[in-house]
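In what follows, a single structure is set out as structure tokens and then discussed.
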Amino acid sequence: MLTIVVSSLSGGQGKTTVSMLLGLLLSHRGHSTLLIDADPQHNLTDWLGLDLEQNSPTLLECIKSSVELEDCIYPLTMNENLFLIPSDDQLDNVQDYLANSGIGAMVLKRRLEPIAKTFEFCVIDAPPQRSQICMTVIGAGNVVVIPAEASVKGYGSLIRTIDLMSNLQGVGATQAQTIGIIPFRDRWIGANQSQESRSAIEGMKEEVGEELVLPSIRESERYKQAINQQKTLSALGYPDLEYPLEVLLEKIELIKQDK
Ligand code: ATP
Ligand code: MG
């Protein structure tokens, strides 16, 4: 299993968007894919239409190992290859557990070991805060993707995420490498890119190197449509808008082949 963490340390940077649409694309390509909602806001769980009953096992129970791992994994109706470990707002209760465990960053990695041969890909939607949950998620990853809004706020989010990555790598708390930055909500008016988008993306390229910055996700209502209808952009008839996700997918498939 190749585990992809989608992380960015600010709200509204496109983490859940990228996680969901990447999960849909991977499963459409026939890859067995596990999505993990690691955000107590549980947007990914909601967007995928999973209606949990109270006391249903979620990522909280998975991390605490208080129920069988299989009981935390739910099949999704839109594709037979797609599964979810959901979250709910109780997930915040896992922060103390992770902090007291001594090796918080290693816990999720250990918990997922039994299913390493069950799924080809795991995509984790990380929370926006630099929390214990965020660290255990990055600790579980093989690769990290950082979406960042094409704005001053997004540039700041990218800098904070890179800083966290190098701290965790420096102490051996993760083996994960950053494989791409995706500028999010890149604004164009006709053939003209907005000044703010252009300078934010230029700043990102200067910061991390041009080769790491993937094609950007354009500001578009069609992305919201895809999310609302739980469909890929190409299934909705907008394959051009899907291009950044396809480039990411190809990169991930190549890494998986070499693994
Ligand atoms: P949070 O940190 O709060 O979890 P996030 O990083 O997961 O946020 P998203 O929820 O993925 O960010 O995206 C923020 C908002 O942008 C969402 O409401 C989503 O519907 C919207 N959105 C998604 N794609 C686009 C797009 N291409 N253009 C404009 N808005 C978009
Ligand atoms: Mg989110």
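One-based numbering, in listed order, for ligands and for the atoms of each. None of these values were measured; they are calculated from a predicted model.
- Contacts between Lys15 and ligand 1, counted as non-hydrogen atom pairs separated by less than 4.0 Å, involve both the backbone and the side chain.
- In the model, Glu207 has a side-chain atom that pairs as donor or acceptor with a side-chain atom of Tyr155 under 3.5 Å.
- At least one N, O or S atom of Thr16, from either the backbone or the side chain, sits less than 2.8 Å from the Mg ion (ligand 2).
- Nearest protein neighbour of atom 3 (O) of ligand 1, counting heavy atoms only, is Gln41 NE2, 3.3 Å.
- Counted by atom type alone, Thr33 and Asn81 present zero donor-acceptor pairs between their side chains at under 3.5 Å.
- Remark: the Ser197 side chain and the Ser194 side chain contain an N/O donor-acceptor pair separated by less than 3.5 Å.
- At a 4.0 Å heavy-atom cut-off, ligand 1 touches Ile217 through the side chain alone.
- In Asp39, the part holding a heavy atom less than 4.0 Å from any atom of ligand 1 is the side chain.
- Within a 4.0 Å radius of atom 18 (O) of ligand 1, the protein contributes no heavy atom.
- Of the protein's heavy atoms, at least one falls inside 4.0 Å of atom 25 (C) of ligand 1.
- A side-chain donor-acceptor contact under 3.5 Å links Glu61 and Thr58.
- Residue contacts with ligand 1 for Glu219 involve both N, CA, C or O and side-chain atoms from C-beta outward (heavy atoms, distance under 4.0 Å).
- Close contacts between ligand 1 and Phe184 involve ligand atoms 13 (O), 16 (O), 22 (N), 23 (C), 24 (N), 25 (C), 31 (C) [criterion: under 4.0 Å to a heavy atom].
- Side-chain N/O atoms of Gln90 and Asp88 include no donor and acceptor closer than 3.5 Å.
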Stepwise side-chain hydrogen bond (donor to acceptor under 3.5 Å, both in side chains) check, Asp125 with Thr16: CA-CA 6 Å; Asp125 182 15; Thr16 308; 2.8 Å; yes
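- The Trp47 neighbourhood of ligand 1 comprises atoms 10 (O), 11 (O), with distances under 4.0 Å to a heavy atom of that residue.
- Heavy-atom separations between Ser10 and ligand 1 include at least one value shorter than 4.0 Å.
- Under 3.5 Å, the side chains of Gln193 and Asp186 contain a donor-acceptor pair of N or O atoms.
- Residue-to-ligand polar distances keep Tyr223 apart from ligand 1: every N/O pair is separated by 3.5 Å or more.
- Of the protein's heavy atoms, Gly12 CA, 3.9 Å lies nearest to atom 14 (C) of ligand 1.
- Criterion: ILVMFWY side-chain heavy atoms under 4.5 Å apart, direct or through other members. Under it, Phe184 and Ile201 are not part of a common hydrophobic cluster.
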